[in-house]
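First comes the structure, then the notes that go with it.
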Amino acid sequence: MANTMAPAQIFGISRMRQHQAAPTLIMCSNTAKGAEEFPRLVNTGCKLVGCGSAVPSLRVTNNDLAKFIDTNDEWISTRTGIRTRRVLSGKENLTDLAIEAAQKALEMAEVDPKDVDLILMCSSSGDDRFGSAPVIQKALGCKNNPLAFDITAACSGFLLGLFSASCYIKAGGFKNVLVVGADAVSRFVDWTDRGSCILFGDAAGAVLVQACDIGEDGLFGFDLHSDGDGKKHLISTFKENETDVPSSENRSMTSFPPKCSSYSYLQMNGKEIFKFAVRVVPQSIEAALEKAGLAGSNNFDWLLLHQANQRIIDGVATRLEVPSERVISNVANYGNTSAASIPLALDEAVRGGKVQPGHVIAAAGFGAGLTWASAIFRWG
């Protein structure tokens, strides 16, 4: 029989401290000349009440990859912790995965689609370059035409979506916000490059963030950053394809019409990304904990990092002095699913009984941009 004792009890975390949440102070300003800034106290909180996830049917093992690139299961698993990943194939598409994950989150939360006020689709590899959130809105059957749009921030996208949801609820009066993280990085991977293709998989995950009384607020603190100097270490750039341009006597027009365009394969400097992650992520989590009034690794139940590489997860956990039994990881089964990785791992942990209502989670995402973000939140 499973141990029914809550991890917070096991780890000696004060339940009273977990449930304390200070009112949110938002600085509003009038843009009129000479107007003074004034504080406005918002007495609305928000909490996570539902989650869901979806993955493609095709399962690709390390041995499958070894059939067409120079690698093997031991080489991949030792360096990354990854053994299998899921990849879109056939008639599957990313939007359908996102819809399935969102439906599961609504079902768990027992919220009707007509009561959804906002859908945030966090993705850098959607089916439509103009965004997929409105398609999700339609498929869910949201009758009141709620706002729906995409957020592009790669592996940090989900946590930026979570922060955005809290802002819309606490300052905008929204009541139910769906945050979906979904990516299909397999579309931009060079499957002949063993340094990058072994890492990625496709998936979608979603949470429903709901307005509540400030005393029940479950989003305690955030820490958000970006650094364009590191962009070169993880990038997939726009490029013009080499195509024939119609000849013209007017030489000034030889660059028009524009050539066909696409994006390059994902290019990554793995060593630099590793050093970046193990340096900034512990600092960011500590900053978010301080903002939440929960400084110290003993004041949260679970560490949930972007599932990029088990060595990164272990390195960050070691720096934060978090034991392995308090670290959520499913990278072995799915690889790096970018914006989907945190909600996917959260959903598995919730449905598997590991994460219980009232548990406090320290989460962090990091990746292309370079961007990184941390959040301290309570489940349920």
**Request:** Evaluate side chain to side chain contact (heavy atoms under 4.5 Å, CB included) for I119 paired with L147, printing each intermediate quantity in order.
**Result:** CA-CA 6 Å; I119 299 173; L147 177 63; over 6 Å; no
**Item:** S284 vs F366 side-chain heavy atoms within contact, under 4.5 Å
**Value:** no
**Side-chain donor-acceptor pair present, D96, N93, cut-off under 3.5 Å** = yes
**Prompt:** Any chance the side chains of T192 and D190 put a donor and an acceptor closer than 3.5 Å?
**Reply:** yes
**Request:** Locate the shortest heavy-atom distance separating Q307 from S329; write the atom from each residue and the value.
**Result:** OE1-CA, 3.2 Å
**Prompt:** Looking at F163, F377, W372, which hits ring-ring contact (aromatic ring centres under 6.0 Å, His included) with F222?
**Reply:** F163
**Heavy-atom pair of closest approach, residues Q210 and V111** = NE2-CG2, 3.6 Å
**Message:** For the CZ atom on R351, are there more than 12 heavy atoms of other groups (residues, nucleotides or ligands in this structure) within a distance under 6.0 Å?
**Reply:** yes
Please tabulate, for the side chains in residues 270-277, all donor-acceptor contacts under 3.5 angstrom to protein atoms that are two or more places apart in sequence or on a different chain.
| from | atom 1 | to | atom 2 | distance (Å) |
| --- | --- | --- | --- | --- |
| E272 | OE2 | K275 | NZ | 3.1 |

**Message:** Check this for me, if you would: do K170 and D217 make a salt bridge, where the nitrogen-to-carboxylate-oxygen distance has to be below 4.0 angstrom?
**Reply:** yes
**Fill in**
Sorted by chain and number, sequence neighbours left out, ring-ring contact (aromatic ring centres under 6.0 Å, His included) with F174 holds for Y168
**R326 bridged to D301 by N-O distance under 4.0 Å** = no
**Asked** Any luck finding a side-chain donor-acceptor pair between T371 and S156 under 3.5 Å?
**Response** yes
**Item:** Criterion side-chain contact (heavy atoms from CB on, under 4.5 Å) against D183, the qualifying member of C155, S125, S341
**Value:** S125
**Asked** For the residue pair A211 and T44, what are the closest heavy atoms and their distance?
**Response** CB-CG2, 4.1 Å
**Complete:** What one should report as the nearest heavy-atom pair of V55 and A203 is CG1-CB, 3.9 Å
**Note: K291-D223 ion pair, threshold 4.0 Å (strictly below)** = yes
**Request:** Answer yes or no: does atom CZ of R83 have more than 12 heavy-atom neighbours from other residues, nucleotides or ligands under 6.0 Å?
**Result:** no
**Item:** Lys/Arg N to Asp/Glu carboxylate O, R187 vs D127, below 4.0 Å
**Value:** yes
**Distance-minimising heavy-atom pair for G201 and R85** = CA-CB, 4.0 Å
